[in-house]
Student: 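To start, I am sharing the structure in question, which I have written as structure tokens.
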Amino acid sequence: MDLKVMWATIQKEFWIRLRAYPVSFMVGCILTSFYTTLGAWLMYHYFFRQRLALDFTDLTGTSDYMSYAIVGSLLYLFVVRTCLNVSRRLITELREGTLESLMLAPFKRTSYFVGNMLLQTVMTFLETAIAAMIGVFFGLRIHDICFWKLVIATALSLYGFFGLSLILGCVMIYARDTYISQNTLFAAIFLVCGITFPKEYLPYPLQLLGNIIPVTDGLTLMRAAILGGLSSERYCIIALRFFILGSVYVISGLPLMKRLEIIALEKMEG
């Protein structure tokens with residue numbers, strides 16, 4: 001890890017966001033979480049009439065559906081913002097015509113991507129905090145918060161989402177497309193990872209798909225840290241599984257990204 005490269009990347013990306021992207025972009029991201037929460041609130045109160053399935057509490061560890069859904073929408077916002085920023089960096093460099101210069105520079109890819117991830121994490125924490133305050137008006141209640149579980153869940157989530165963003169970035173730079181690949185992934189995450197309902201309600205093949213996406217275990221750990229419902233032993237088992245899954249994504253993503261950089265440059269030359 002080259003700290004100079006990481007710090008230079010953070011400074012570069014900070015000034016880009018400060019001068020090139022308006023505040024309305026941040027507002028738009030917060031509205032994404034707001035609409036997800038509003039949709040869950042409307043369904044719960046007017047479609048389901050505040051009634052839950054008998055097995056909901058057994059599957060989720062809580063009977064508070066609105067808190068369950070709001071925590072899911074907050075983490076979904078976090079996933080979209082962090083994964084989107086890191087995964088689009090190289091293809092953005094390609095579109096801006098700076099990819100060749102970047103490849104010629106003596107930089108460490110890990111430091112470059114980690115720098116992007118750290119800056120986006122800080123910015124997303126602010127957006128998530130604002131979205132959480134909005135969620136309080138829709139029924140967000142902190143029942144049994146455990147700080148050591150929250151710290152572990154946050155650290156592992158960042159690690160897992162970083163690995164996921166690397167794989168998404170590989171798809172983007174190979175296909176030279178962002179919109180189809182990113183929107184397909186985020187739609188799949190919303191469906192199979194249990195954002196607003198337990199994934200156990202889905203068909204078994206979709207449950208398996210959700211299990212290999214790091215967001216699912218990250219969401220389980222985060223909800224357990226904030227809302228309770230998991231024993232410490234079970235929590236540690238899921239955390240270990242999440243770490244292994246995240247490591248697979250990171251270990252696969254970094255060398256694959258390096259190989260696809262070469263392919264992208266070859267396509268540029270025709």
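The shown structure was predicted, so the numbers you read here are calculated from the model rather than taken from an experiment.
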Student: Taking Val122 as the starting point, is it possible to reach Leu77 by hopping between hydrophobic residues whose side chains are less than 4.5 Å apart?
Tutor: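 No, separate clusters.
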Student: Using the six-membered ring wherever Trp is involved, compare the ring planes of Phe161 and Phe78 and label them parallel, tilted or perpendicular (cut-offs 30° and 60°).
Tutor: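 Rings of Phe161 and Phe78: tilted, as their planes differ by 30° to 60°.
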Student: Can you measure from CG (Leu168) to OG1 (Thr184) and round to the nearest 0.5 angstrom?
Tutor: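 If we round to the nearest 0.5 Å, Leu168:CG and Thr184:OG1 are 10.0 Å apart.
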Student: If hydrophobic clusters are built from ILVMFWY residues whose side chains come within less than 4.5 Å, do Leu118 and Met123 share one?
Tutor: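 Same hydrophobic cluster.
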Student: Do Leu209 and Leu202 have side-chain heavy atoms sitting under 4.5 Å apart?
Tutor: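 Answer no - side chains too far apart.
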Student: Is Tyr235 reaching over with its side chain to a backbone N or O of Lys149, donor-acceptor style, under 3.5 angstrom?
Tutor: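 Indeed, once roles are kept as given, a pair shorter than 3.5 Å links the two residues.
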Student: Contact between Thr196 and Phe190 at the side-chain level, heavy atoms closer than 4.5 Å - yes or no?
Tutor: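 They are in side-chain contact.
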Student: With the 4.5 Å side-chain cut-off for hydrophobic clustering, are Phe162 and Val151 part of the same group?
Tutor: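 No, separate clusters.
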Student: Would you say OH of Tyr201 has more than 12 non-hydrogen atoms from neighbouring residues, nucleotides or ligands within 6.0 angstrom?
Tutor: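 Counting neighbours around OH of Tyr201, more than 12 heavy atoms of other residues, nucleotides or ligands fall under 6.0 Å, so yes.
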Student: Please give me the minimum heavy-atom distance between Ser181 and Val171, naming the atom from each residue.
Tutor: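 Smallest heavy-atom distance, with atoms named: CB-CG1, 4.0 Å.
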Student: Using 0.5 Å steps for rounding, measure from the CG atom of Leu245 to the CG atom of Leu240.
Tutor: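 So the CG of Leu245 and the CG of Leu240 are separated by 11.5 Å.
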Student: Step by step, would you call Phe197 with Tyr65 a ring pair (Phe, Tyr, Trp, His ring centres under 6.0 Å)?
Tutor: CA-CA 9 Å; Phe197 60 88; Tyr65 173 74; 9.3 Å; no
Student: Could you walk me through whether Asp217 and Arg241 satisfy the side chain to side chain contact (heavy atoms under 4.5 Å, CB included) test, starting with their C-alpha distance in whole Å, then the side-chain angles of each, then the deciding distance to 0.1 Å, before giving a yes or no?
Tutor: CA-CA 8 Å; Asp217 284 339; Arg241 184 177 67 193; 2.8 Å; yes
Student: When rounded to the nearest 0.5 angstrom, what distance separates CD1 in Ile167 from CD1 in Ile213?
Tutor: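 Output value for this atom pair is 12.5 Å.
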Student: Might you work through the side-chain hydrogen bond (donor to acceptor under 3.5 Å, both in side chains) test for Ser73 and Thr37, ending with a clear yes or no?
Tutor: CA-CA 6 Å; Ser73 69; Thr37 301; 3.0 Å; yes
Student: Walk me through whether Ser247 and Tyr159 qualify under side-chain hydrogen bond (donor to acceptor under 3.5 Å, both in side chains).
Tutor: CA-CA 8 Å; Ser247 298; Tyr159 182 63; 2.9 Å; yes
Student: What is the minimum heavy-atom distance between Ile10 and Gly115, and which atoms define it?
Tutor: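 Shortest heavy-atom separation between Ile10 and Gly115 comes out as CG1-O, 3.4 Å.
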Student: Work out which heavy atom in Ala69 is nearest to a heavy atom in Ala40; give both atom names and the distance.
Tutor: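 For Ala69 versus Ala40, the nearest heavy atoms are CB-CB, 3.8 Å.
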Student: Locate the shortest heavy-atom distance separating Arg223 from Ile195; write the atom from each residue and the value.
Tutor: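 It is NH2-O, 2.6 Å.
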Student: Report yes or no: does Thr216 contribute a side-chain atom to a donor-acceptor pair with the main-chain N or O of Ile212 at less than 3.5 Å?
Tutor: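 No; judged by distance alone, with no hydrogens or angles, the pair does not exist.
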Student: Is the backbone N or O of Leu158 less than 3.5 Å from a side-chain atom of Thr121, with the two atoms forming a donor-acceptor pair by type?
Tutor: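 It does not hold such a pair.
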Student: For atom CZ of Phe138, is the number of surrounding heavy atoms from other residues, nucleotides or ligands below 6.0 Å larger than 12?
Tutor: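 More than 12 within 6.0 Å, yes.
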Student: Please round to the nearest 0.5 Å and tell me the distance separating atom CE of Met257 and atom CZ of Phe113.
Tutor: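 Answer for the CE-CZ pair, Met257 versus Phe113, is 4.0 Å.
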Student: Is there a path of hydrophobic side-chain contacts, each under 4.5 Å between heavy atoms, that joins Leu256 and Tyr249?
Tutor: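 The answer is yes; both residues are in one hydrophobic cluster.
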Student: Would you say the ring centroid of Phe56 lies under 6.0 angstrom from that of Tyr68?
Tutor: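 Ring-ring flag for Phe56/Tyr68: true, centres closer than 6.0 Å.
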Student: What distance do Leu230 atom CG and Leu221 atom CG have between them, rounded to the nearest 0.5 Å?
Tutor: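 Taking CG in Leu230 and CG in Leu221, the distance rounds to 8.0 Å.
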Student: Hydrophobic clusters here meaning ILVMFWY residues chained together by side-chain heavy-atom distances under 4.5 Å, can you tell me if Trp148 and Leu156 are in one?
Tutor: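 Yes; Leu156 is reachable from Trp148 via cluster members.
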Student: Ignoring hydrogens and geometry, is there a side-chain-to-backbone donor-acceptor pair from Tyr76 to Phe186 under 3.5 Å?
Tutor: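 Indeed, once roles are kept as given, a pair shorter than 3.5 Å links the two residues.
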Student: Please collect all salt bridge (charged side-chain N to carboxylate O under 4.0 Å, His left out) contacts where either partner lies in residues 198-208, sequence neighbours excluded, each pair once.
Tutor: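 Qualifying pairs, neighbours excluded: none.
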Student: With a 4.5 Å heavy-atom cut-off, do Leu164 and Ile189 have their side chains touching?
Tutor: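 Side-chain contact under 4.5 Å: yes.
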Student: Determine the minimum heavy-atom distance between Ser157 and Gly218, stating which atoms define it.
Tutor: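 Heavy atoms of Ser157 and Gly218 come nearest at OG-CA, 3.9 Å.
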Student: Has Ser67 got a side-chain atom pairing as donor or acceptor with Arg141's backbone, closer than 3.5 angstrom?
Tutor: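 Side chain of Ser67 to backbone of Arg141, a donor-acceptor pair under 3.5 Å: yes, one is there.
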Student: With side chain to side chain contact (heavy atoms under 4.5 Å, CB included) as the test, would you mind laying out the steps for Leu52 and Tyr44 before giving the verdict?
Tutor: CA-CA 9 Å; Leu52 297 173; Tyr44 179 60; 3.9 Å; yes
Student: Output the distance between atom CD1 (Ile152) and atom CE (Met222), rounded to the nearest 0.5 Å.
Tutor: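 So the gap between those two atoms works out to 11.0 Å.
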Student: Is there a donor-acceptor contact under 3.5 Å linking the side chains of Ser63 and Thr57?
Tutor: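 Side chains of Ser63 and Thr57: no pair found under 3.5 Å.
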Student: Do other residues, nucleotides or ligands put more than 12 heavy atoms under 6.0 Å from the CG atom of Leu208?
Tutor: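 Yes.
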Student: Are the side chains of Met66 and Asp64 in contact, using a 4.5 Å heavy-atom criterion?
Tutor: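 Side chain of Asp64 against side chain of Met66, heavy atoms only: contact under 4.5 Å found.
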Student: Which pair of non-hydrogen atoms, one from Gln120 and one from Thr82, has the smallest distance, and what is that distance?
Tutor: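 Distance-wise, the nearest heavy atoms are CG-CA, 3.8 Å.
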